[in-house]
There are 2 protein chains.
Amino acid sequence: MKSCPVASLVKRTYHHGDLRNALVSEALKLLEEQGAAEFTLRDLASRVGVSHAAPYSHFEDKTALLAAVAVEGFHKLGAYLEQAVQENSDPTEQYVRMGEAYVRFGTENPALYNLMFTGKELPEQRDKFPELNEAGSAAFGMLTGMLGRMQQSGFLREGNLDGFGFAVWALVHGLVSLIITGRVECAGDCVDGEIGTTEEAVRASLLGMLHGLKNPLTA
Amino acid sequence: MKSCPVASLVKRTYHHGDLRNALVSEALKLLEEQGAAEFTLRDLASRVGVSHAAPYSHFEDKTALLAAVAVEGFHKLGAYLEQAVQENSDPTEQYVRMGEAYVRFGTENPALYNLMFTGKELPEQRDKFPELNEAGSAAFGMLTGMLGRMQQSGFLREGNLDGFGFAVWALVHGLVSLIITGRVECAGDCVDGEIGTTEEAVRASLLGMLHGLKNPLTA
DNA sequence: ACCTGAACACCGTTCAAGT
DNA sequence: ACCTGAACACCGTTCAAGT
């Protein structure tokens, strides 16, 4: 009985079944602190206070650990989108807010976002990690759900919702990707102009997709 | 005179000043064959027939080598876009073709594309490699140039060309990124629908940005 | 100037051994 | 069942030494 006397009263659930969660939550911090390139399994293990081989008791390999982190990321993304839906009743307003929320998630968690999408081996892990597909599908479902309400309200033209969803997803995903890799200032510098702040550029892009870039007087 | 008797007649320009180019061109092949995750400097060196330390005579480190490869990638992307412009005179047609050409470049060179954009340390290298900025700016310039012609022809609404360019860039970049990470089938599976082939989804997205997703009868 | 070979630090992964 | 410590293969990078 002398082992871990206050274990259940204090935190130290480590070594008692919580190592897996401790690794994932610490990985989330470490990822944003150091960046994905410097993220190392050995560093993670030492920061959580275990040997560098300990993670292998809970994950098959490094990519499996990262897949679990990505799942967490999709839940987090879902929370961002959910909030945008809740806070706005007007469908068109929901469209802009959801887009902005999506971009905000990406810019506030760049390393996590890159892991979730530009994950090199993640596509392979997706079959092994059904949660990874489910979490991603849930986020996409919130997007098409919002578009469906816009369509029913008569604000959206007729057409396949999945097609619309894919286009919007590609747009916001592209916005995040360009922003977090620092291509925004580049786009401004490239020619001569100023595209204003990043937020303005995002909003303008979202409205561009909604209203179209073409001259409305044109057929 | 007994050193390299037929050097100038046969290929073997290696060891005679061509190592740098040999490394870059071999890296382009190796990148698509093995994928970025498995791309190793030692493997590259051995495939080109030199010791694993030889590349350091021409590049400061691995990322500097990759930056040179990325520059090559931007030139290649420029060639794709240039062709789309040349082959079409109608501005609106150029818009769709350029977008499709951009996506085709990405899907045909996924590892190279990822290196060019989701490059982790590339942003830092961009200051050290002015070519990297120039090559990227040239591609963006072709995009805004095309949009400018559309605007002058009256097909595009009034507005900041850089802003339009950024929105279109984000869209095609997002399309490429989602496609090469295998998210397209996912989007189709997620809900219930079929968004058709990838090519159709790309075209629909491009036209969506041009004409807008909103109901044209709506204010 | 350009390349080689050995060496160093570091990482992912495995495994016998501990508790 | 979960964790440790040592070990292995591999990689990026450095450097003295060769040509």
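Note that the structure is predicted; figures quoted are calculated from it, not measured. Values reported hereafter were calculated over all heavy atoms of this structure, with side chains retained and with hydrogens, waters and symmetry mates removed. Reminder, nothing fancy here: chain letters follow the sequence lines and each chain counts from 1.
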What integer distance in Å separates [X]:[atom1] from [N]:[atom2]?
{"X": "Leu65(B)", "N": "dC11(D)", "atom1": "CG", "atom2": "P", "result": "15 Å"}
{"X": "Glu38(B)", "N": "dC11(C)", "atom1": "CD", "atom2": "C1'", "result": "15 Å"}
{"X": "Arg47(A)", "N": "dC11(C)", "atom1": "CZ", "atom2": "C1'", "result": "17 Å"}

Margin query: What's the separation between atom CG in Asn21(B) and atom CD in Glu72(B), rounded to the nearest 0.5 Å?
Written below: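 One gets 8.0 Å once the value is rounded to the nearest 0.5 Å.
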
Check: Hey, are Tyr80(A) and Glu108(A) close enough side-chain-wise for a donor-acceptor pair under 3.5 Å?
Finding: yes

Note to self: Can you see whether His173(A) engages Ser177(B) through a side-chain donor-acceptor pair at a distance of less than 3.5 angstrom?
What the structure shows: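 Yes.
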
Next item on the list: Could I get the full list of side-chain contact (heavy atoms from CB on, under 4.5 Å) partners for Glu82(B), not counting sequence neighbours?
Entry: Gln86(B), Met142(B)

Next item on the list: Give the C-alpha distance, both sets of side-chain angles, the deciding distance and a yes or no for side-chain contact (heavy atoms from CB on, under 4.5 Å) between Thr144(A) and Val168(A).
Entry: CA-CA 9 Å; Thr144(A) 54; Val168(A) 174; over 6 Å; no

Next item on the list: Applying ring-ring contact (aromatic ring centres under 6.0 Å, His included) between Phe74(B) and each of Phe140(B), Phe105(B), Phe117(B), report the one that passes.
Entry: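 Of the listed residues Phe140(B), Phe105(B), Phe117(B), the ring-ring contact (aromatic ring centres under 6.0 Å, His included) partner of Phe74(B) is Phe117(B).
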
Notebook entry, point to check: Base, backbone or nothing for each nucleotide of nucleotides 12-19 of chain D, written B, S, -, heavy atoms under 4.0 angstrom, 5' to 3'?
Noted result: BBBB----

Note to self: In dot-bracket form, 5' to 3', how is DNA chain D paired? Count Watson-Crick and G-U wobble pairs only if both distances fall under 3.5 Å, and write | where the partner sits on another strand.
What the structure shows: ||.|||||...|||||.||

Note to self: Consider side-chain contact (heavy atoms from CB on, under 4.5 Å). Of Lys29(A), Gln34(A), Glu26(A), Lys62(A), which one does Leu44(A) pass it with?
What the structure shows: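 The residue from Lys29(A), Gln34(A), Glu26(A), Lys62(A) that satisfies side-chain contact (heavy atoms from CB on, under 4.5 Å) with Leu44(A) turns out to be Glu26(A).
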
Check: Counting only side-chain N and O atoms of Ser51(B), is one of them less than 4.0 Å from OP1 or OP2 of dT4(C)?
Finding: yes

Next item on the list: Taking only Lys NZ, Arg NE, NH1 and NH2, and the carboxylate oxygens of Asp or Glu, determine whether Arg203(B) and Glu100(B) approach each other closer than 4.0 Å.
Entry: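 Looking at Arg203(B) and Glu100(B), the cut-off is met.
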
